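Keep in mind the model is a prediction, meaning the values are calculated, not measured.
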Amino acid sequence: MHAPAGRLVGEPTRPPHELLRSSRLVAIASLVSRVTGFIRNIALVSILGFASLNDAYTISNTLPNVVYELLLGGVLSSVMIPVLVRAQGDADGGEKFTRKLLTLTGVALLVATILAVLAAPLLTRLVISASEAAPANSELTTAFSWLLLPQIFFYGMGALLGAILNSKQVFRPICLGPGPEQYRRARHARGLCANPW
């Protein structure tokens with residue numbers, strides 16, 4: 001089965017007006033995400049202040065991003081979309097491949113997350129010692145890290161599920177997710193600061 005030039009096998013055709021509507025939705029959702037992210041940052045500063053509590057939370061909230069980027073980076077979103085689109089040309093529409101990919105990725109992410117949580121004290125010491133700013137409270141940063149490092153699993157699965165949806169040209173769920181997520185993170189930080197232990 002051959003695809004016309006510029007298209008992958010199994011890639012469905014979409015009318016231009018649907019592409020324009022999807023592009024408009026992504027642009028609006030990105031703007032909303034930026035605004036809610038800014039509001040989240042203001043809320044975090046008002047909850048945490050500018051003291052060592054803020055430093056501890058910021059470092060421990062950055063750790064999952066660093067570990068995720070080091071392990072997977074953009075592989076799940078940029079490499080998987082073409083692979084998933086090609087798999088849609090299979091007899092089953094790529095369902096078997098997608099299930100295997102979800103299982104394998106889920107297990108790998110779970111193992112990586114467990115290892116990162118176990119290594120939380122080492123990771124926080126590395127980040128704190130590399131920081132040129134005033135040192136954060138190591139015990140508090142480690143406590144926050146134990147709570148926040150499990151995000152690695154959810155980042156990876158979210159990226160893979162987003163790639164699956166994008167390969168099927170379904171954009172709405174992924175582009176509408178960040179707004180409520182920003183709100184959830186601000187509430188989460190407030191709860192952690194009320195009782196970090």
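Not one N or O on the side chain of E69 forms a donor-acceptor pair closer than 3.5 Å with the backbone of V66. Within the 3.5 Å criterion, the main-chain N or O of F153 finds a donor-acceptor partner in the side chain of T113. Counting only distance, with no hydrogens or angles, the side chain of N61 and the backbone of Y57 share no donor-acceptor pair below 3.5 Å. Looking only at distances, no side-chain donor or acceptor of D90 sits under 3.5 Å from a matching main-chain atom of D92.
Taken to the nearest 0.5 Å, the CD atom of E95 stands 13.5 Å off from the NZ atom of K100.
For L102, the side-chain contact (heavy atoms from CB on, under 4.5 Å) test picks out T98, M157, L160, L161, I164, with sequence neighbours left out. Residues satisfying the side-chain contact (heavy atoms from CB on, under 4.5 Å) criterion with F154, sequence neighbours excluded, are absent altogether. For L126, the side-chain contact (heavy atoms from CB on, under 4.5 Å) partners at least two apart in sequence or on another chain are L122. Take T124 and apply the side-chain hydrogen bond (donor to acceptor under 3.5 Å, both in side chains) test, not counting sequence neighbours, and it matches T142. Residues that satisfy the side-chain contact (heavy atoms from CB on, under 4.5 Å) test with V83, not counting sequence neighbours, are F97. Under the side-chain hydrogen bond (donor to acceptor under 3.5 Å, both in side chains) criterion, S138 pairs with no residue at all, not counting sequence neighbours.
Nearest heavy atom pair, residue M80 against residue A163, reads CB-CB, 4.2 Å. The shortest heavy-atom contact between N65 and Y155 is OD1-CE1, 2.9 Å. Pairing each heavy atom of T141 with each of S60, the nearest pair is O-CB, 3.6 Å.
Looking only at side-chain heavy atoms (C-beta outward), L101 and L84 come within less than 4.5 Å of each other. By the 4.5 Å heavy-atom criterion applied to side chains, K168 and V85 are not counted as neighbours. Between F144 and L149, every side-chain heavy-atom pair lies at or beyond the 4.5 Å cut-off. Side-chain contact check for L148 versus Q151: some heavy-atom pair is nearer than 4.5 Å.
Note on R125 versus E139: no salt bridge recorded, every NZ/NE/NH1/NH2 to OD/OE distance being 4.0 Å or above.
Note on W146: it does not cluster hydrophobically with L115, by side-chain heavy-atom contacts below 4.5 Å among ILVMFWY residues. V45 and I42 are assigned to two separate hydrophobic clusters, defined by single-linkage of ILVMFWY side chains at heavy-atom distances under 4.5 Å. Placement of L110 and L104 in two distinct hydrophobic clusters is found when ILVMFWY residues are connected by side-chain heavy-atom separations under 4.5 Å, directly or transitively.
The only option from I59, L140, L63 that meets the side chain to side chain contact (heavy atoms under 4.5 Å, CB included) definition with S145 turns out to be L63.
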